[in-house]
Amino acid sequence: MTTSGAPAGIRRPASVVGGVLLMCARVVSGGFVIFTVVVSWDTFAATIVLDGQKPGSQTAGVVLGSILAVYGVYLLLYLGLAGLVFTGRNWARVVAMSFASVSILISFADYSLNGAQITLRTSLVSVTIDILILLALSSTKARHYARAARAER
């Protein structure tokens, strides 16, 4: 199986396919988060605090909507990044691994500084997916595939 981004004689390694599938799983889990917030809009809007005070429901809705919109755009860009990784773009592979690393570090900082628990309901799924993305995309075969695709261009 070849791609337009990789040389004709090189097969796409399973680690790249697995990494891209995990990136897609990350997007789906983010979409599920957005869906959950939209379904329970009033509950989440009631938790918004600005400058130490609870804003009105309309202001809280605007803030929550803005946060969800930015997150939705991020998820769409991340899905595009997964497509670029799939076609063998080395820079996209490195950026995807960087995003996974930053996400893991943010979860660690939240745990260390704020005492946030890493549970199934909070960040366990995303941390697990990010670790697996790092493992898949940092493999030797994934690196050789991406570099061969770059050398061909």
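- Among residues two or more places apart in sequence or in another chain, the side chain to side chain contact (heavy atoms under 4.5 Å, CB included) test is passed with Ser107 by Ser123, Val127.
- Atom CZ in Arg143 sits 9.5 Å away from atom CG in Asn90 (nearest 0.5 Å).
- Distance CG/Leu64 to OG1/Thr47: 7.5 Å, rounded to 0.5 Å.
- Considering CG of Leu84 and CH2 of Trp91, their distance stands at 5.0 Å, rounded to 0.5 Å.
- Leu132 contributes atom CG, which lies 12.5 Å from atom OG of Ser15 (distance to the nearest 0.5 angstrom).
- Crowding of Tyr74 atom OH: a count of heavy atoms from other residues, nucleotides or ligands under 6.0 Å exceeding 12.
- Hydrophobic clustering, with ILVMFWY side chains joined whenever heavy atoms are under 4.5 angstrom apart, keeps Leu79 apart from Val70.
- Annotation for Tyr145 and Gly88: closest pair CE2-CA, 3.6 Å, computed over non-hydrogen atoms.
- The shortest heavy-atom contact between Gly30 and Tyr71 is CA-OH, 3.3 Å.
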Please output the side-chain donor-acceptor pairs of residues 18-28 that fall under 3.5 Å, not counting sequence neighbours, one pair per line with the distance.
| unit_1 | atom_1 | unit_2 | atom_2 | d |
| --- | --- | --- | --- | --- |
| Arg26 | NE | Asp130 | OD1 | 2.9 |
| Arg26 | NH2 | Ser103 | OG | 2.9 |
| Arg26 | NH2 | Asp130 | OD2 | 3.3 |

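- Taking the side chain as every heavy atom from C-beta outward, Val62 and Ser66 approach each other to under 4.5 Å.
- Leu124 and Ile129 fall within a single hydrophobic cluster, where Ile, Leu, Val, Met, Phe, Trp and Tyr side chains are chained together by heavy-atom contacts under 4.5 Å.
- At a threshold of 4.5 Å between non-hydrogen side-chain atoms, the residues Val37 and Ile67 do not count as touching.
- The minimum heavy-atom distance linking Arg93 with Ala146 is given by the pair NE-CB, 3.8 Å.
- Cluster membership for Val38 and Ile48, using ILVMFWY side-chain heavy atoms within less than 4.5 angstrom, is shared.
- In terms of heavy atoms, Ser139 sits closest to Ala136 at OG-O, 3.2 Å.
- Contact check for Leu134 versus Ile104: side-chain heavy atoms found under the 4.5 Å cut-off.
- Both Leu50 and Trp41 sit in one connected hydrophobic cluster of ILVMFWY residues. Membership requires side-chain heavy atoms under 4.5 Å apart, directly or through other members.
- Inter-residue side-chain proximity for Phe99 and Leu81 is flagged as met; some heavy-atom pair is nearer than 4.5 Å.
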